[in-house]
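One is the number of the first residue; the rest follow in order along the sequence.
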Amino acid sequence: MATECNWRQDREGGIVLWYQTIAFAVRFRSAPAALRVVFVVSKSKRRREPKSLPEPAVSRRPFRRRPLLALGAGIACVLVVLFCWRPWLVMVSRQQAETHLAAQRYRQAASWLERAESLDERHAHTQFLLARLHRKLGQSERFQDHLLRARQLGYDAERCRREQWLAEAQAGQLNDAARHYALLLDDPQGDAGEICEAYANGHMLHGNFTQAMRILEGWHAADPAAAQPHHMRGLIWNHLGDYQAAEAAWKQALRLSPDHSAAALALAEMLTKRKRLPEALPLFELALADEMHWLAAAIGKAECLRLQGDGDAARVLLREVLLRDPENVPARVQLGQLELAGGDASRAEQLLAEAYRRQPRDADVRYQLATALSAAGKTEQAAEHFAYADEARRALEQAREEIIRLNDDPDDADARAEVGRTLLKYGRFQEALIWLRSALNVDTGHAEAHQALAEYYEQMAEVAPDALRLARYHRQQATRSAPRSSPAALPESSPAASPVQEPADACSSAPVSP
């Protein structure tokens with residue numbers, strides 16, 4: 001009985017000693033100090049322990065070895081922890097980041113990659129994944145920095161070259177990237193989804209929706225469980241005015257990936273426009289959980305709350321938006337509407353006048369400002385803004401009808417350019433760029449499209465360093481007598497090859513102020 005008790009005490013003491021040694025070593029990162037502590041503690045422990053009754057020699061020998069075995073195992077554990085814990089954490093962080101990247105959860109991926117980089121900033125694969133993250137976010141300068149860093153640290157040169165091709169395709173530089181498409185898909189190296197997404201996005205930037213749809217359909221056939229092709233198809237259908245097809249695509253994306261915040265946000269915004277507010281609210285809540293989409297989701301949720309009559313909750317949310325983004329125009333417009341509904345026409349006019357100063361072409365801003373001016377008794381000023389808003393509404397409705405017609409006649413470059421010019425005139429800058437570039441995709445010498453792009457980039461000169469060069473290029477192309485039967489490709493120095501790029505979700509209807 002005494003032998004069994006001694007054996008248990010030795011075993012428990014050895015286990016405690018392991019834990020103490022590992023904790024000390026991890027905290028102070030010193031193996032020699034940890035071993036000295038183990039030696040002193042174990043020696044003093046043996047000195048303090050009372051001697052037990054003598055046992056037969058045969059039965060005591062195995063138990064005398066156990067403290068030494070425990071000490072040896074503890075030392076081994078300490079060495080393993082000291083030399084392996086950091087690489088193990090880097091590996092786990094990198095694997096988590098890859099999982100989130102594949103699911104389009106970019107904020108979570110960034111968090112894991114930051115953790116991996118803080119543990120080992122010279123890890124080549126971590127730098128490569130950071131480059132991929134910034135490519136997907138459209139941050140070209142940071143993408144190039146991390147990709148160069150990965151190559152300098154010895155990452156596979158072929159993988160880096162392929163990632164550069166994907167960046168070019170995603171940015172719409174299809175002249176150079178098109179010849180790599182078949183090569184990439186012949187040997188995708190586990191990146192088939194990345195390849196399809198980048199090339200589909202490049203075609204969407206140029207308004208080449210037919211080719212983008214073909215790529216997305218092929219992606220879905222190869223990977224039926226992927227949600228992203230459905231989300232991107234929803235963007236295209238929404239851009240083309242087929243809201244029923246867009247809704248079905250986004251719902252399918254959410255069935256496959258219930259936390260797909262981009263699809264949830266896009267569907268919620270469309271449902272809000274169609275006054276289906278009870279369906280939109282939970283989708284905005286889902287999108288709010290993703291910090292990347294928080295601002296847009298908060299504005300959308302505030303609009304739902306305001307339209308449902310909960311002005312106080314909407315006001316709290318909009319004020320939080322302005323704390324994060326003081327330049328936010330949609331938040332100012334909604335706050336102006338709330339103040340006007342509450343009877344404070346003066347405060348509403350102030351908020352809406354500031355929104356008008358920031359986005360003077362936006363028809364909704366002009367209409368809301370006219371309403372506030374009218375309520376304040378300034379009828380002459382209000383009439384000017386009402387007239388503009390009415391003119392914009394009729395022009396945009398006509399443009400939408402032309403977009404529907406283009407589904408049956410996709411090679412009509414004149415109609416594409418006219419749609420782009422109309423959208424540009426009334427502040428729909430992001431959509432306008434897509435249609436103007438699509439006109440050049442059909443006819444590279446289309447003078448009206450070049451002229452409109454020249455005007456746009458001239459306005460962008462203060463905020464985009466490359467805009468003046470692009471403006472000069474398009475101005476030269478507009479004045480040059482070029483045949484109207486050019487190949488369906490963009491010149492290398494076109495806007496698609498510039499750093500002035502739209503976000504990855506290129507078909508979003510959110511206006512981008514110049």
May I ask you to check whether over 12 heavy atoms, not counting those of [X], lie within 6.0 Å of atom [atom1]?
X      : atom1 : value
Glu121 : CD    : no
Gln95  : CD    : yes
Trp237 : CH2   : no
Glu380 : CD    : no
Tyr367 : OH    : no

Could you tell me how the ring of [X] sits relative to the ring of [Y]: parallel (under 30°), tilted (30 to 60°) or perpendicular (over 60°)?
X      : Y      : answer
Phe429 : Tyr456 : tilted
His239 : Trp435 : parallel
Tyr155 : Phe128 : parallel

Does any donor atom in the side chain of [X] or [Y] lie under 3.5 Å from an acceptor atom in the other side chain?
X      : Y      : answer
Glu455 : His474 : no
Trp250 : His231 : yes
Asp259 : Ser261 : no
Ser438 : Arg416 : yes
Arg214 : Gln211 : yes

Can you check whether Val365 reaches Arg332 side chain to side chain, under 4.5 Å on heavy atoms?
no
Quickly, which of Arg132, Arg151, Lys136 forms a salt bridge (charged side-chain N to carboxylate O under 4.0 Å, His left out) with Glu163? Name it, please.
Arg132
Partners of Ala417 by side chain to side chain contact (heavy atoms under 4.5 Å, CB included), sequence neighbours excluded?
Ala439, His446, Ala449
Could you pull out all residues at least two apart from Leu153 that satisfy side chain to side chain contact (heavy atoms under 4.5 Å, CB included)?
Arg122, Ala124, Gln127, Arg149
How long is the span from the CZ atom in Arg361 to the OH atom in Tyr388, to the nearest 0.5 Å?
7.0 Å
The residue among Gln337, Glu339, Gln334 that forms side chain to side chain contact (heavy atoms under 4.5 Å, CB included) with Leu351 is Glu339
